[in-house]
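Notes follow once the structure below has been shown.
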Amino acid sequence: MVKWSRFLYTPSLPLYGKERITACDRHIEVARLAAEEGLVLLKNDGNILPLDPAKPLALFGKASVEYVKGGGGSGDVFCPYIHSLADGLQLNNVKVFEPLLDYYNKETKAQHDKDVKPGLTTEPELPDDLLKEARGFADTAVIVINRFSGEGWDRSDYAITDAENKLMDKVTNAFDRVIAVINSGGVIDLSRFKEDNKINACLHMWQGGMEGGLAAARALIGLVNPSGKLSDTHARSIDSYPTTKGFHESEEYVEYNEGIYVGYRHFETVPGAREQVVYPFGYGMSYTTFKRECTDSFEDEKLVAFTVKVTNTGKVPGKEVVGLYVKAPAGKIDKPARVLADFAKTPELAPGASCVLNLYSDKYLISSYDEAGAVADACYVLEAGTYEFYLGSNVETAELLSYRMELKDALITSKLTHKGGPKPGVNKDDCAFDKLSNDEMDGFSPIVREVPRKLCWAEKKVKTLSDVAEGKCTMDEFVAQLSDDDLISLTGGQPITGVSNVWGFGNLPDYGIPNVQCADGPAGIRIRPETGVTTTAFPCSTMLCCTWNRDIARAVGFAAGEELKENNLGVWLAPAVNIHRNPLCGRNFEYYSEDPYLAGKMAAALVEGVQNNHVGTSVKHFCCNNKETNRKNSDSRVSERALREVYLKAFEIVVKEAKPYTIMSSYNVVNGHRASENKDTLTGILRDEWGFEGFVMSDWWNFAEQYKEILAGNDLKMPCGFPERVKEALEMGVITRADIERSVKRILGIILKLD
Ligand code: BGC
């Protein structure tokens, strides 16, 4: 029996023989631990936190009961329950003022009944009598603010609303002890929380999955010591980001005018920009204190390494993140003032305890791409001069180390050729898909292939995929026997079976090719709710990233991989590593960071975790899908340097480190070429430069022409192909059978890896 035979029968049996582990206690604990580690403590005046659990609390704000566990769209997960902050506190026997909970439950229910989603509701006016009674009940107030966003639309909720400000005015006037908690998957204006002296503490709980409220409650009462750090710069206003100005300039395109100066690369470099920062990249407090000492350093051809001793100098156990930042010398190529070169997190250290961390700055990863040929055309280059290194968790306060890297001459770390950048004269219309209109797409129903009752290959005299698996024939021989129609069908998505809700691939029963189903992510395995199967809802990716802990990401990945496997699914459509170019992007909660190194390393760990189960990931959305409005048609106009150093870098790290089975191309257009028809990026960079060996699938129902996708290196069209059109293209001679075979072999090669 071949390894992947389970896909032929769709059994969905318990993975390890007895009880099912989907959404089991162990997985839910992983979700809680990840949420606990991603919490970011932003402020703690007078060490008001942690709170005494024996003292009562008054919770204000609809978000105290209306907890948003994650964002909307394909990233939403159907889980068995969710814990709000109020639940979390009550589960820990903290007394909370119940009439307020009743009030907010009633007010939010009225809005939900009118189809307003949690997080999109308006903040109800706080009645004065309730406030008064609450003050009589407790001397400490907790105000919770939430946000919701989702796939297909962009945010417009960065600022604190008038109703939220009014709530904070009322509560801070009545209480001397006020704690704010933020339940949002993305960046919002935190300036009031930082600057208002009447708000004593602030905890960012993000959208923490099913256990998010419990995790935050445990941190408020000191069962958990927050150790998360921001994966994005939080600035004063949405207009503080250089990327805001052109964000909505047109629905047709976005000019990436800021080049590589995204996030802290902008705020640290551009004069005056730092003043706009409320909380910098890498910021996050703890209930304890730490000392860092660099005890050793060395350099070789490929890297500069630092050994760092971290000691817990406070009174309670805690974990600390250490970031290594580099400042490259000024030269012919302009450079950001700081770039994250590496990071590491300590295990939990008891008071007085120390540990040693090793941080490595990879010379290739800190070099600049020379797009204009200032030093060496189309090369990654380290210019001559002195490279300074800084140590610390946040980019603003990281301290200069004594070790410097001195380069007498420029060092070329990689010689390439120009790919993917803007080409004069190319615009979207030149390369639009041929004649398929949007309407045709919407009305298109996938070709449904009957799932055989009896496994018919046994009766046929054909070579089967098992024969390839068992070495009885080669992949070339196997593919050679398939008709053109069968080959073409394998390049298109296949109907849903079992509990899946996003289609599959493969599905040629006569030749023993199973229909391997996919599942959405990235906050959990998304299974059709009507099947009655609920899965673990992990924290949103931004929160997972704020843990800065690769082991946690690996553990989440491993648990998700087990759930994928137990439910007879083969590929998880996760992780999503698009860069947080601007806070307005509606899907930022699914993405990791404004920094590609951090995003890439965290996502690589997640992929390793998933694929240790011999099931696959699909790293998405490749690439420059940084805005949701008109996402299927918007042209991301970006320099080759920014593409390589910022937008492709996280994918590059994941591909090289974790070898994901698949990549998902994005809907949008990049410099005039649809992402899924772009040979430069899909073949030139992804395969030829980085050595990617899996297959590329399109995003669902995109606007691209399938034969052009196959030629570019996008092997599978999801959720279904357009076989008649590929056949026509074959007959016209614009695509060859060999081109189609190439894609099919990549898809089948991945099926053979599944277990
Ligand atoms: C999303 C993808 C998702 C796919 C399948 C698309 O709309 O952009 O991220 O994986 O749908 O649900």
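Numbering of ligands and ligand atoms starts at 1, following listing order. Below, each value reflects all heavy atoms present in this structure, side chains not excepted, and no hydrogens, waters or symmetry copies. FYI, the numbering just counts along the sequence from 1.
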Give, for atom NZ of K565 and atom OG1 of T22, the distance between the pair rounded to the nearest 0.5 Å.
-> 12.5 Å
Have a look at N702 and tell me which of R631, K632, K717, R674 forms a side chain to side chain donor-acceptor pair (under 3.5 Å) with it.
-> K717
Heavy-atom distances under 4.0 Å are what count here, so tell me which part of R587 touches ligand 1: side chain, backbone, both or neither.
-> side chain
Close approach of E590 to ligand 1, heavy atoms, under 4.0 angstrom = no
If you measure from each heavy atom of R631 to ligand 1, is any distance below 4.0 Å?
-> yes
Report yes or no: does a heavy atom of Y667 sit under 4.0 Å from some atom of ligand 1?
-> yes
re atom 12 (O) of ligand 1, the protein heavy-atom contact at minimum distance is D520 OD2, 2.3 Å
Is there a donor-acceptor pair under 3.5 Å between the side chain of D699 and the backbone N or O of H621?
-> no
Ligand 1 to L573, heavy atom cutoff 4.0 Å, flagged ligand atoms 10 (O)
Is a donor on one side and an acceptor on the other found under 3.5 Å between the side chain of E677 and the backbone of A704?
-> no
Regarding K627 and the six-membered ring of F247, is the cationic atom NZ or CZ under 6.0 Å from the ring centre and inside 45° of its axis?
-> yes
For atom 4 (C) of ligand 1, find the nearest protein heavy atom and state the residue, atom name and distance (0.1 Å precision).
-> D699 OD1, 3.5 Å
Under 4.0 Å to a heavy atom of V502 - the qualifying atoms of ligand 1, by number | 5 (C), 12 (O)
With a 4.0 Å heavy-atom cut-off (strictly under), which part of K620 contacts ligand 1: side chain, backbone, both or neither?
-> side chain
Under 3.5 Å: donor-acceptor pair, side chain of S593, backbone of S231 = yes
Measuring from S74:OG to R587:CZ, what's the distance to the nearest 0.5 Å?
-> 4.0 Å
Ligand 1 to M664, heavy atom cutoff 4.0 Å, flagged ligand atoms 10 (O)
So which heavy atom in the protein is nearest atom 1 (C) of ligand 1, and how far is it from that ligand atom?
-> E151 OE2, 3.2 Å
Rounded to the nearest 0.5 Å, the CG atom of N612 sits from the CD atom of E562 at a distance of 10.5 Å
